[in-house]
Student: 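One structure is given below, represented as structure tokens, and several questions about it will come after.
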Amino acid sequence: MFDIAATVIVLAAILVLYRAIKGPRIYDRVLSVNVIGTKTVVLLALIGYIYERPHFLDIALVYALINFIATIAFLKYRETGRLD
Amino acid sequence: MIDFLLLLFLVVCAIAAIRMKDLLSAIMILGVYSLIMAVVWTRLNAVDVAFTEASVGAGITTMLLIAALSRTKRGEEGNRQSSISRRSLAALLVVLVTGAVLIYGTIDMPNFGDPNAPANLHVAPRYIEKSHDETGVENFVTAVLASYRGYDTLGETTVIFTAGICVILLLRRKSEQ
């Protein structure tokens with residue numbers, strides 16, 4: 001059950017990866033990276049249940065917290081052309 | 001099934017990051033690679049490595065690469081050789097032979113998670129039985145990292161500290177001078 005759900009999530013992430021590679025605009029890629037990050041969080045929660053170790057949920061939460069750092073750095077770079 | 005899909009994902013990401021002309025896009029794809037790699041580590045039950053991969057690989061490395069990109073040019077320059085030359089064929093041959101030798105080397109290795117593997121027979125029981133008495137630390141991994149290999153960890157911390165100082169020196173603003 002959880003295995004099937006995890007497989008479907010990975011398949012969906014592969015669909016998003018197509019958009020990340022194909023582009024064409026840079027914002028498509030940013031959005032794809034963000035969506036894949038969200039799918040990673042769900043996947044980690046599911047893997048926790050597959051292994052019957054539900055405390056992996058905490059790890060998924062921390063992933064959700066650090067997921068947006070790259071996006072913010074990227075958007076700042078696009079806006080100002082520099083990071084500092 | 002899910003492992004196969006994840007590894008396929010990684011291969012596609014790696015090839016895409018190499019082939020990408022726009023370096024900013026390549027950085028984004030590398031971030032995806034790190035995220036999926038973290039999931040693979042979690043599948044292998046190496047949660048701490050997965051954490052490091054996600055925070056350093058997907059978070060800090062992406063930021064550092066973008067910071068480096070903001071100081072240089074974004075596009076790839078120079079004329080890439082489109083035709084397959086004899087030299088690249090020779091390189092492919094070397095890579096294939098090296099890969100074959102490496103795979104041949106893994107044939108003798110014990111199966112994944114084998115309880116009779118040498119790593120599980122000699123070193124691990126020693127740490128499991130004695131580390132609490134010898135170091136007083138509750139967690140084995142922490143005991144090995146911070147006590148048995150304390151000087152090693154100190155050296156690693158020094159290296160990372162030096163690298164951090166170098167990054168600050170390279171990326172600091174010129175206008176403050």
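Lettering of chains follows the sequences in order, A, B, ..., and the numbering in each one begins at 1.
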Student: Nearest 0.5 Å please: distance from the CG atom of B:L65 over to the CG atom of B:L24.
Tutor: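 The distance works out to 10.0 Å.
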
Student: Counting only non-hydrogen atoms closer than 4.5 Å, does B:A58 touch chain A with its backbone (N, CA, C, O), its side chain (CB onward), both, or neither?
Tutor: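 Answer is backbone: N, CA, C or O of B:A58 sit under 4.5 Å from chain A.
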
Student: Hey, does A:R29 have a side-chain heavy atom less than 4.5 Å from the side chain of A:P24?
Tutor: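 Side-chain contact under 4.5 Å: no.
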
Student: Using side-chain heavy atoms (C-beta onward) and a distance below 4.5 Å, is A:M1 in contact with A:Y49?
Tutor: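 Heavy-atom side-chain distance check fails, nothing below 4.5 Å.
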
Student: Checking A:Y51 against chain B: side chain, backbone, both or neither under 4.5 Å from a heavy atom?
Tutor: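 The side chain, not the backbone.
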
Student: Examine distances only and state if a side-chain atom of B:T61 and a backbone atom of B:V56 form a donor-acceptor pair shorter than 3.5 Å.
Tutor: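 Yes, B:T61 side chain to B:V56 backbone: donor-acceptor pair under 3.5 Å.
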
Student: Only counting residues at least two apart or in another chain, list the ones meeting side chain to side chain donor-acceptor pair (under 3.5 Å) with A:T7.
Tutor: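 For A:T7, no residue satisfies side chain to side chain donor-acceptor pair (under 3.5 Å) once neighbours in sequence are set aside.
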
Student: Taking side chain as everything from C-beta outward and backbone as N, CA, C, O, which of these in A:I59 sits under 4.5 Å from a heavy atom of chain B? Side chain, backbone, both or neither.
Tutor: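 Both parts, backbone and side chain.
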
Student: Check each atom of A:I50 against the heavy atoms of chain B and say whether the ones under 4.5 Å are side chain, backbone, both or neither.
Tutor: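 Contact with chain B is through the side chain of A:I50 alone.
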
Student: Do A:L15 and A:L11 have side chains that approach each other closer than 4.5 Å (heavy atoms only, starting at C-beta)?
Tutor: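 No, side chains not in contact.
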
Student: Top residue by heavy-atom pair count (under 4.5 Å) with chain A, among B:T62, B:L6, B:L5?
Tutor: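 Most pairs with chain A among the choices: B:L5.
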
Student: Below 4.5 Å, heavy-atom pairs only: which of B:I2, B:L8, B:V12, B:I27 has the largest tally toward chain A?
Tutor: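 Of B:I2, B:L8, B:V12, B:I27, B:I2 has the most heavy-atom pairs under 4.5 Å with chain A.
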
Student: Check each atom of B:A50 against the heavy atoms of chain A and say whether the ones under 4.5 Å are side chain, backbone, both or neither.
Tutor: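 For B:A50, the contact with chain A is made by backbone and side chain together.
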
Student: Taking atom CE of B:M37 as the centre, does the number of heavy atoms from other residues, nucleotides or ligands within less than 6.0 Å exceed 12?
Tutor: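 Atom CE in B:M37 is crowded, with more than 12 foreign heavy atoms closer than 6.0 Å.
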
Student: Using heavy-atom distances under 4.5 Å, tell me whether A:L43 contacts chain B through its side chain, its backbone, both, or neither.
Tutor: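 When you check distances to chain B, only side chain atoms of A:L43 fall under 4.5 Å.
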
Student: Could you tell me which portion of B:S70 (side chain, backbone, both or neither) has an atom closer than 4.5 angstrom to a non-hydrogen atom of chain A?
Tutor: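 Both the backbone and the side chain of B:S70 come within 4.5 Å of chain A.
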
Student: Just so I understand: if I count every heavy-atom pair under 4.5 Å between each of A:V10, A:I72, A:I47 and chain B, which residue has the most?
Tutor: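 Among the listed options, the one with the most contacts to chain B is A:V10.
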
Student: Using non-hydrogen atoms only, which part of B:I36 is less than 4.5 Å away from chain A: side chain, backbone, both, or neither?
Tutor: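 Contact with chain A is through the side chain of B:I36 alone.
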
Student: Is any side-chain heavy atom of A:I26 closer than 4.5 Å to a side-chain heavy atom of B:S25?
Tutor: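 SC-SC contact between A:I26 and B:S25 confirmed.
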
Student: Could you state the interatomic distance from CE (B:M20) to CD1 (A:I21), rounded to the nearest 0.5 Å?
Tutor: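 Separation between the atoms: 6.0 Å.
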
Student: Counting only heavy atoms closer than 4.5 Å, note whether B:A26 contacts chain A via side chain, backbone, both or neither.
Tutor: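 Nothing of B:A26, per the 4.5 Å heavy-atom cut-off to chain A.
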
Student: So which of A:T71, A:V30, A:I36, A:D3 has the biggest tally of heavy-atom pairs under 4.5 Å with chain B?
Tutor: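 Most heavy-atom pairs under 4.5 Å with chain B: A:I36.
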
